[in-house]
Structure formats: C-alpha cells, structure tokens
Amino acid sequence: ITAKDGSPIDNPLDDHNVRLAISKAIDREAIRDRVMEGQSIPAGQLLPEGFFGVSENLEPEPYDPDGAKALLAEAGYPDGFELVAHGPNDRYVNDARILEAIAQMLTRVGIETSIETMTRSVFFSRASSGADGEPEFSFILVGWGAGSGEASSPLRSLLSTYDPDAGMGASNRGRYSNPEVDARVEEALQTVDDAAREQLLAEATEIAIGDLGIIPIHYQVNTW
C-alpha cells in the first residue's frame, strides 16, 4: 500500500472506515452474475444459512460506491491510495477473475488497485510468512470450508488472535485481533450445551464481521 505518488503511508486498512469503504465498493451481485455465472451467493458473514453458529443479524453489505468514497474522505483519504491485491490463480473457482473484478471496483472509488496472482503453493507460503516471519501481503483473496459444520472453524483459524502455541489464528494472515472475539470463541470451544455454544459463535461472528476483520464476498456454489 502506498500513496498515489508512490510514497509510504500509514496503513489505511487499520481504519474501520477504510475497510467499510472497501466492502461497500464491492458489487457482490455483479461478481455473482458476471464472474461466477450465477453460481455464488453474496455473503455477509463466514458461513451460509444452515451451518451451526451463524448469525441471523448479518446481511451482505449493499453496493454503495458513493458511500465508499465518502468514508474514504472521512478517513483522510479523499484521493484514495494505491493497493496491490494478491491471491491464487488455481485454488478457487474463478479466483483470478474475482480479484480482477474487485480491483476494478476499488479503483472506481479511488483505491487504485493492481493484482498479483500466483500458483497456490507459492501464494499460501508467501501469504503466511514473509522474510521477517510475518505475512507478506496487505490485502488477499482466500476461501474457507468449515468441515466441522460450525462457525468455530473459520472463527478459530481466520479471526482469533494469532497464537500458534495455543493453536489459534493459524490462518489469520491479516493479524486481526479482538479480545471480545477471542473470549467468545474460547468459551464456545469449551461449551457442550448446543444452544449456548451456538449463541457464543453467533456473537463472535457479529463482532468480527462488524469490525471487518475479513470482508466476506460470496459462498461458492459447487456444481456437479
């Protein structure tokens, strides 16, 4: 991430308004219709309806480019900034094309975005650990499948505070951290009562998505 003239700037992604602007700039329905050929469901949280621990209170962020521009100005970036987005080109259905579409959408609101894609083996290695042991990229495309059927799976790996010794945040490449999310996820993982665990997972999801610790795009529809 740099200023428009290429000079260094403080990380704008630390600002909630910037993250919300990015979410508003993404037209999820257009990606569904034009990139995914109708085979995706716009997402407002980690897992779709029917999985355990999803929230009933979260919806996909509506496409609002004017709102995105206003939020960028409010955050102190009226002219936007430059961003390189990274992702795989052989892991998810239309992954490189999704990135291309998002780059165009962000550029329209002032965040001049270019993309770099690479084979999955190179991408995940670089995304997880750069030269200093920290993630190398600022803004990435990833996907997640919850084999357990619970929201605890993506919450624990993608959004819990990175702590390899505790087995938390293993895929948290953005290093998002919120003690309220951590507390609910840890309690849920120790809770046997289904109703109580489901509520804890939904609350953790609402906090993390409200923070835009990640920006949900869509649920991929697998077709045979």
Side-chain angles (χ1 to χ4, degrees), residues 1-36 40-46 55 57-87 95-117 127 130 134-143 158-159 161-162 172-181 204-219:
I1 298 174
T2 65
K4 286 287 185 71
D5 62 4
S7 61
I9 56 172
D10 291 336
N11 183 7
L13 299 182
D14 284 338
D15 191 307
H16 182 273
N17 277 353
V18 172
R19 300 195 298 275
L20 182 56
I22 290 172
S23 188
K24 287 181 176 294
I26 297 172
D27 189 340
R28 293 161 176 81
E29 294 184 0
I31 292 175
R32 175 197 62 200
D33 296 341
R34 301 173 194 171
V35 178
M36 297 298 291
S40 71
I41 301 168
Q45 57 183 303
L46 300 166
S55 170
N57 302 317
L58 295 172
E59 298 290 339
E61 185 68 41
Y63 177 53
D64 181 8
D66 291 335
K69 292 176 183 177
L71 284 167
L72 288 173
E74 185 177 337
Y77 303 96
D79 299 321
F81 49 89
E82 291 190 357
L83 169 70
V84 180
H86 292 85
D95 42 17
R97 291 182 60 205
I98 292 167
L99 267 178
E100 290 170 357
I102 289 174
Q104 293 172 8
M105 294 168 185
L106 296 183
T107 298
R108 289 190 195 114
V109 301
I111 303 173
E112 292 188 9
T113 305
S114 59
I115 68 166
E116 293 182 14
T117 64
E134 284 296 295
E136 179 178 348
F137 305 138
S138 299
F139 189 78
I140 61 173
L141 173 72
V142 293
L158 296 174
L159 289 161
T161 298
Y162 180 67
N172 183 351
R173 300 180 179 94
R175 297 296 191 257
Y176 169 76
S177 180
N178 186 319
E180 294 185 29
V181 174
T205 298
E206 289 171 5
I207 296 168
I209 296 301
D211 275 348
L212 292 159
I214 66 170
I215 297 173
I217 303 300
H218 63 233
Y219 310 119

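FYI, the numbering just counts along the sequence from 1.
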Heavy-atom pair of closest approach, residues [X] and [Y]:
X: Pro42; Y: Ser40; value: CD-O, 4.0 Å
X: Leu72; Y: Val109; value: CD1-O, 3.5 Å
X: Val18; Y: Ala75; value: CG2-CB, 3.7 Å
X: Arg19; Y: Leu13; value: NH1-O, 2.9 Å
X: Ile31; Y: Met105; value: CG1-CE, 3.8 Å
X: Tyr77; Y: Asp10; value: OH-O, 3.8 Å

Open item on the list: Are more than 12 heavy atoms, taken from residues, nucleotides or ligands other than Asp5, located less than 6.0 Å from that residue's CG atom?
Closed with: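 Correct, the count exceeds 12.
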
Backbone of [Y] reached by a side-chain donor or acceptor of [X] within 3.5 Å:
X: Arg28; Y: His218; result: no
X: Lys4; Y: Gly110; result: yes
X: Thr113; Y: Ile111; result: yes
X: Asp211; Y: Gly213; result: no
X: Gln45; Y: Ser55; result: yes
X: Arg32; Y: Ile41; result: no
X: Arg108; Y: Ala25; result: no

Does a side-chain heavy-atom distance below 4.5 Å link [X] with [Y]?
X: Glu116; Y: Val84; value: yes
X: Ile214; Y: Tyr176; value: no
X: Ile209; Y: Pro216; value: yes
X: Glu61; Y: Leu20; value: yes
X: Leu212; Y: Ile22; value: no
X: Pro135; Y: Phe137; value: no

I need the [X] [atom1] to [Y] [atom2] distance, nearest 0.5 Å.
X: Ser114; Y: Leu99; atom1: OG; atom2: CG; answer: 10.5 Å
X: Arg97; Y: Ile102; atom1: CZ; atom2: CD1; answer: 12.5 Å
X: Glu59; Y: Asn57; atom1: CD; atom2: CG; answer: 9.0 Å
X: Ile1; Y: Glu82; atom1: CD1; atom2: CD; answer: 11.0 Å

- [ ] List the steps and the verdict of side chain to side chain contact (heavy atoms under 4.5 Å, CB included) for Asn172 and Leu159.
- [x] CA-CA 6 Å; Asn172 183 351; Leu159 289 161; 5.6 Å; no

